[in-house]
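To start, I am sharing the structure in question, which I have written as structure tokens.
Order of the sequence lines fixes the chain letters, A, B, ..., with proteins taken first and strands second; residue numbering starts at 1 for each chain. Keep in mind that what you see is a predicted model, and the values were worked out from it rather than measured.
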Amino acid sequence: MAQPNTYWLWNNTSNDGQNTGNASGGSGGNSSFWVVFDLSNDKLTFLDDQQNDGDSLSGAKYPVIIPSSGSIEAPKTFAEDNSAGVYDQIPLAGTEEGEQDGGDTRYVFAIYFDGPTATVPYLEAWDDSSHNTAVDPFLGNGTPSDSTLKAIATTNSSPGSTSWAGTPLCGTSSRIELDSGAISSAKNVYFNIKQIIPSTFSPESNSNIVLTLRYTYT
Amino acid sequence: MKPWSLLVKLKNGLVIQNPDVRCYDMDWGSGLYSSGIEFLRFAVPGRIFTLANYERYNYFLEATQDFSGGSRGATKLQAIYICGAHNGMVDVLKVEQNKISVFRKPLGKEYYGTASRGWKDGIFGSRPKFLKEKVDGDLTISLQH
């Protein structure tokens, strides 16, 4: 088997349906619509309720407001679509605790593999693309269970709960398997992701965290 | 053998040699290896590893792809795995940037506690051999080519 090509996509509708367009995205199952991420220029961003779908990237950006007590799920999730110049909302992301249509949702983010892998693929988060450390405040400040990013694989089923907990993402210490085993032929794997900000959170101004897909091939 | 080359000797006498596994396909998924593997030999800077007499062999590469802004997007080779399985256990040779490790795991748990696919039959009858020989030359282990 050769190294597979991989494509990351988001569903920018409130319709929970499969990415039937695979590497190209586009119209999918159940009237969903899938957009291919430009991994170099697009970003995944968790923002406040004040941010709206279609807002210009050159306009105001509303970060999540740190609560005075307890914790909050980031109200909205967006793809910063660099080529379109807009915040493109991902309404199905997260849980019912957010301010969009998250919950027991399955087809939110996809990674399409155009070929098989030798082992199960993983989704991880790191401080940067060196993958040497995962201690950024967003990733738990050295405590993986405190990572603000929680993800859940939905390749084979929906989360099973509208308030799913997810797995904190932090290096290889805490990550998710995107399927039940190695991928045997071209397919989409799916996941959902949310950000939980506690009242004790103190961000760094120069955070540069990355989401990382780790996979093997022969 | 030059560093990063992988040589596989088959029962039918065929010898398959990849000059640099970091950039060339080993065609591991094809039927080339169906006659059974007698031994395989993998060279890294300063060392040559030989695995022989195992029941089964596996070989795979690990890559990562980053997302969310900046200069991400490109896939990056992270490690090379060469495995020999015998009696329900797997001897794993893992080569990463500036690091070589050898460890043993139960079969089906050889990759971070999970199973790999793509195993090829070996030719065994005596105890497996996992040999390391030192060779002259630069010892820098770099997965970038």
Side-chain angles (χ1 to χ4, degrees), chain A residues 1-10 37-46 79-80 82 109 111 113 115-132 138 149 172-173 175 177 179-185 193 207-218, chain B residues 6 8 16 18 21-33 40 57-83 90 92 94-99 105 107-120 143-144:
Chain A
M1 66 179 89
Q3 181 174 8
N5 295 301
T6 52
Y7 307 85
W8 299 52
L9 306 98
W10 76 90
F37 276 108
D38 173 352
L39 296 181
S40 295
N41 297 305
D42 291 345
K43 294 181 185 180
L44 177 63
T45 309
F46 301 92
E80 290 189 24
N82 182 68
F109 296 94
I111 299 176
F113 284 80
T117 65
T119 59
V120 66
Y122 291 99
L123 182 69
E124 305 167 353
W126 293 90
D127 288 345
D128 54 47
S129 50
S130 73
H131 307 139
N132 287 328
F138 283 110
L149 295 179
T172 52
S173 301
R175 55 184 178 174
E177 297 177 3
D179 205 345
S180 54
I183 293 172
S184 57
S185 60
I193 192 168
S207 274
N208 201 29
I209 61 173
V210 296
L211 284 179
T212 298
L213 170 67
R214 186 180 300 269
Y215 63 94
T216 62
Y217 62 97
T218 58
Chain B
L6 176 62
V8 182
I16 299 165
N18 184 319
V21 299
R22 297 171 302 172
C23 44
Y24 295 106
D25 191 350
M26 201 63 202
D27 231 356
W28 190 257
S30 72
L32 268 177
Y33 303 89
L40 56 80
Y57 299 85
N58 205 358
Y59 155 79
F60 51 90
L61 299 99
E62 180 186 79
T64 55
Q65 185 178 46
D66 290 334
F67 166 55
S68 203
S71 58
R72 291 76 178 251
T75 55
K76 191 173 168 186
L77 180 62
Q78 295 292 347
I80 299 164
Y81 287 75
I82 294 180
C83 308
V90 180
V92 182
K94 178 179 178 182
V95 180
E96 306 168 81
Q97 185 75 9
N98 297 322
K99 184 180 175 184
K105 294 287 183 183
L107 183 62
K109 308 279 187 194
E110 60 271 13
Y111 181 72
Y112 291 108
T114 69
S116 60
R117 56 189 290 268
W119 289 92
K120 302 290 182 266
L143 293 179
Q144 310 312 311

> Can you name the nearest heavy-atom pair linking Ala63(B) to Gln3(A), along with the distance?
Replying inline: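 Taking every non-hydrogen atom into account, CB-NE2, 3.9 Å.
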> Under 30°, 30 to 60°, or over 60°: which ring-plane class applies to Tyr122(A) and Tyr112(B), parallel, tilted or perpendicular?
Replying inline: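 If you compare the ring of Tyr122(A) with that of Tyr112(B), the planes turn out perpendicular.
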> Quick one: what part of Glu110(B) sits under 4.5 Å from any heavy atom of chain A, side chain, backbone, both or neither?
Replying inline: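 For Glu110(B), neither part sits under 4.5 Å from chain A.
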> So does Lys105(B) have more than 12 non-hydrogen atoms from other groups sitting under 6.0 Å from NZ?
Replying inline: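 For Lys105(B), atom NZ is not crowded (no more than 12 foreign heavy atoms under 6.0 Å).
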> Considering all heavy atoms of both residues, which atom of Thr117(A) and which atom of Arg117(B) are nearest to each other, and what is their separation?
Replying inline: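 Nearest pair, atom of Thr117(A) first, then Arg117(B): O-NH1, 3.0 Å.
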> Contact part of Tyr215(A) toward chain B, heavy-atom cut-off under 4.5 Å: side chain, backbone, both or neither?
Replying inline: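 Tyr215(A) touches chain B through backbone and side-chain heavy atoms alike.
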> So what's closer than 4.5 Å to chain B heavy atoms on Glu124(A): side chain, backbone, both or neither?
Replying inline: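 Contact with chain B involves no heavy atom of Glu124(A) at all.
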> Any side-chain heavy-atom pair from Asp66(B) and His131(A) closer than 4.5 angstrom?
Replying inline: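 The answer is yes; the side chains approach within 4.5 Å.
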> What are the two closest heavy atoms between Tyr111(B) and Val120(A), and how far apart are they?
Replying inline: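 Between these two residues, the closest heavy atoms are CE2-O, 4.2 Å.
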>> Quick one, Phe67(B) with Leu44(A), criterion side-chain contact (heavy atoms from CB on, under 4.5 Å). Give me CA distance, side-chain angles, the key distance, then yes/no.
In response: CA-CA 8 Å; Phe67(B) 166 55; Leu44(A) 177 63; 3.7 Å; yes
>> For Tyr24(B), I'd like to know if atom OH has over 12 heavy atoms of other residues, nucleotides or ligands within 6.0 Å.
In response: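 Atom OH in Tyr24(B) is not crowded, with 12 or fewer foreign heavy atoms closer than 6.0 Å.
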> Non-hydrogen atoms of chain A under 4.5 Å away: do they reach the side chain of Ser116(B), the backbone, both or neither?
Replying inline: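 It is both, since atoms from each part get that close.
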> Where does Ile80(B) contact chain A at under 4.5 Å (heavy atoms): side chain, backbone, both or neither?
Replying inline: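 Contact with chain A: none, neither part.
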>> For Thr119(A) versus Ala115(B), what's the shortest heavy-atom pair and its separation?
In response: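 Taking every non-hydrogen atom into account, CG2-O, 3.8 Å.
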> Closest approach of Thr6(A) and Gln65(B), non-hydrogen atoms and distance?
Replying inline: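 It is OG1-OE1, 2.6 Å.
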>> Counting C-beta onward and ignoring hydrogens, is there a side-chain heavy-atom pair between Lys76(B) and Ser129(A) closer than 4.5 Å?
In response: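 Lys76(B) does not reach Ser129(A) side chain to side chain.
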